[in-house]
Every structure is written in structure tokens, then in C-alpha cells.
Amino acid sequence: MIKLYVFLTAAPGTDPFRHRGAAALAELHRVAPTAVEYVQTRASSRQLTDEPPAFAGTAEFRFDYAAPAVEAAVDVAKLASLWADGASVAKVVAGHERTIMRMPGHVHGQGVKGVFPFDRKPDLSIDYFQAYWWRTHGPIAARTEGALAYFQCHPLRHLYEGGTPGFDGVTELHWPDFATAEAAMASRQMREDQSQDAQNFADTGSVQLFMAEEEMVQP
């Protein structure tokens with residue numbers, strides 16, 4: 001599965017998306033008919049710090065093949081009718097979505113998720129970075145306390161050949177509620193096991209975590 005993230009900024013307290021529900025679905029079919037799934041993710045009113053979230057939300061599309069995802073990433077303006085007039089595109093990432101861990105109780109559109117876009121350490125090759133993040137760090141992060149699901153998005157090589165993607169990777173961690181997420185982020189497993197290993201592959205200063213809630217427009 002190929003996933004496209006469009007990271008949006010907007011004025012504080014405003015909805016970055018123009019439509020909800022059936023209206024959003026109808027617009028999706030008009031501007032991105034090949035998308036097999038569409039999620040509107042909005043930054044939660046509660047964050048882990050007092051700082052405002054890095055992004056107001058993300059428009060998230062899933063495609064069966066790489067070509068339409070790359071086309072949409074390159075010409076993202078074609079999707080602009082999905083987000084509100086005051087919203088702006090900040091970053092775009094299209095890549096292979098890898099399900100590292102998913103519990104039976106996980107349902108998209110329920111609970112809360114942490115979105116962690118980040119860049120790799122500058123001295124690492126793309127291949128080494130993606131392999132390490134997936135096969136070495138993945139099993140460590142899969143043990144995140146209380147998490148219902150853990151996904152990684154690895155940018156397509158097409159995007160590196162044409163320039164650079166918005167980020168070298170996007171992590172999603174899903175929890176049943178904010179209190180569980182907050183406890184997990186403060187846990188030893190997250191602060192030590194994950195944080196220490198992240199220094200082997202991630203430019204930790206590039207991480208732009210925000211807590212968010214999903215609206216599943218097209219499952």
C-alpha cells in the first residue's frame with residue numbers, strides 16, 4: 001500500500017479541511033478518484049506540551065500503486081479543494097506504508113494518534129536508514145506501552161530522484177485515548193529504549209510530533 005501525507009498549517013483553532021463526511025467523500029472522488037482510502041487527520045485540542053502543534057492536520061490518501069501517489073505528490077495543488085481556504089500545504093510525503101504492529105482492537109477513526117514526521121541522520125544512506133528504521137527500530141517501537149497500532153511510511157525513491165520528500169519518514173502510533181498516549185510518552189520504554197535507539201538513525205532535532213484525531217472519510 002502506498003500512502004500520501006499532505007501536512008497542513010492553518011490559523012490556531014481553525015479547521016484545515018473544507019468538508020466533512022459525505023461532502024468530503026464526494027470531493028475526494030472528484031479530485032483523487034484512484035485513492036482507495038482517505039483520512040482527514042486534525043491536530044487534537046490536547047497536545048503533550050504547551051507549544052502549539054507543528055501542523056493543523058494531515059490529508060492522508062492510500063493508493064494501490066505508486067504512480068498516482070507520485071503524481072499527486074508532485075502536483076498537490078490538484079487536491080487543494082479538500083482543505084480550507086486558510087490552510088496551506090507545508091510538507092508532502094508519499095511512500096510505502098508498513099504495518100509494524102496492529103492489535104485486533106485498533107479501528108481507524110477512533111482514539112488518538114501521535115504523528116512523528118522526521119528526517120534521517122545526514123550521514124546515512126537512504127537504504128541503510130530505511131532498513132534500520134524498519135527492521136531494528138521497528139520491533140523496539142512496537143512495544144510502546146498501550147499502543148494499538150504502529151505504522152511507518154518510507155518515502156518512495158522517485159521523490160528522492162526528483163528532489164527530496166518533505167520528510168525521510170513518518171511514524172504513526174495509535175492509542176485508545178489521550179491519557180494512555182500521555183502515559184506511554186512518559187514511560188521508560190519510550191524515554192530510554194526508543195529514544196536511545198532513535199539516535200542511531202534519526203535526526204532527533206527534526207521530529208515534529210503532534211497528537212491528532214482521525215476522520216475516516218473513505219475506509
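Remember, predicted model here, so these are calculated numbers, not experimental data. These numbers come from the heavy atoms of this one structure, side chains and all, not from hydrogens, waters or symmetry mates.
- A 6.0 Å sphere centred on CD of Q194 holds more than 12 heavy atoms belonging to other residues, nucleotides or ligands.
- Expressed to the nearest 0.5 Å, how far CZ of R102 lies from CZ of F151 amounts to 4.5 Å.
- Residues E51 and T49 have side chains that never bring a donor and an acceptor to within less than 3.5 angstrom of each other.
- The closest side-chain donor-acceptor pair between Q40 and H19, if any, does not fall under 3.5 angstrom.
- The heavy-atom pair separating V115 from A212 by the smallest distance is CG2-CB, 4.4 Å.
- Between the side chains of Y5 and E172, at least one donor N or O lies within less than 3.5 Å of an accepting N or O.
- For the atom pair E27 CD and S81 OG, the distance stands at 3.5 Å (nearest 0.5 Å).
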Worked verdict on D127 versus R157 for salt bridge (Lys or Arg N to Asp or Glu O under 4.0 Å) | CA-CA 10 Å; D127 289 340; R157 293 304 292 264; 2.6 Å; yes
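- With hydrogens and angles left out, the side-chain atoms of T204 and Q199 include no donor and acceptor closer than 3.5 Å.
- The side chain to side chain donor-acceptor pair (under 3.5 Å) search around H108 returns E214, not counting sequence neighbours.
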List the steps and the verdict of side-chain contact (heavy atoms from CB on, under 4.5 Å) for V89 and F7.
-> CA-CA 6 Å; V89 174; F7 290 85; over 6 Å; no
Mind running salt bridge (Lys or Arg N to Asp or Glu O under 4.0 Å) on D203 and R120 for me, showing each step along the way?
-> CA-CA 5 Å; D203 177 0; R120 72 187 190 277; over 6 Å; no
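- Between Q152 and H154, the side chains place a donor N or O and an acceptor N or O closer than 3.5 Å (distance only, hydrogens not considered).
- Put simply, CZ on R143 and OG on S187 are 11.5 Å apart, with the number rounded to the nearest 0.5 Å.
- Counting Ile, Leu, Val, Met, Phe, Trp and Tyr side chains that sit under 4.5 Å apart, directly or through other members, Y65 stands alone, with no cluster partners.
- Using a 4.5 Å cut-off on side-chain heavy atoms (C-beta onward), E37 and M216 make contact.
- When hydrophobic clusters are built by joining Ile, Leu, Val, Met, Phe, Trp and Tyr residues whose side-chain heavy atoms come closer than 4.5 Å, directly or via intermediates, L8 is not grouped with V93.
- The OG1 atom of T58 sits 5.0 Å away from atom NZ of K113, with the distance rounded to the nearest 0.5 Å.
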Evaluate side-chain contact (heavy atoms from CB on, under 4.5 Å) for I2 paired with R62, printing each intermediate quantity in order.
-> CA-CA 6 Å; I2 307 300; R62 287 182 174 86; over 6 Å; no
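- Connectivity analysis of hydrophobic side chains (ILVMFWY, heavy atoms under 4.5 Å, direct or indirect) links L209 to L48, I100, M101, M103, V112, F116, F118, L124, Y128, F129, Y132, W133, W134, L148, Y150, L173, W175, F178, M185, M190, F201, V207, M211.
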Derivation of the side-chain contact (heavy atoms from CB on, under 4.5 Å) call for V70 and H158 | CA-CA 7 Å; V70 171; H158 302 69; 4.1 Å; yes
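- The structure places CG of L82 at 8.5 Å from CZ of R30, a figure rounded to the nearest 0.5 Å.
- Considering CE of M1 and SG of C153, their distance stands at 12.0 Å, rounded to 0.5 Å.
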Test side-chain contact (heavy atoms from CB on, under 4.5 Å) applied to K121 and N200, step by step | CA-CA 8 Å; K121 292 179 67 174; N200 294 322; 5.9 Å; no
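- Ring geometry for F55 versus F167: interplanar angle over 60°, hence perpendicular rather than tilted (30 to 60°).
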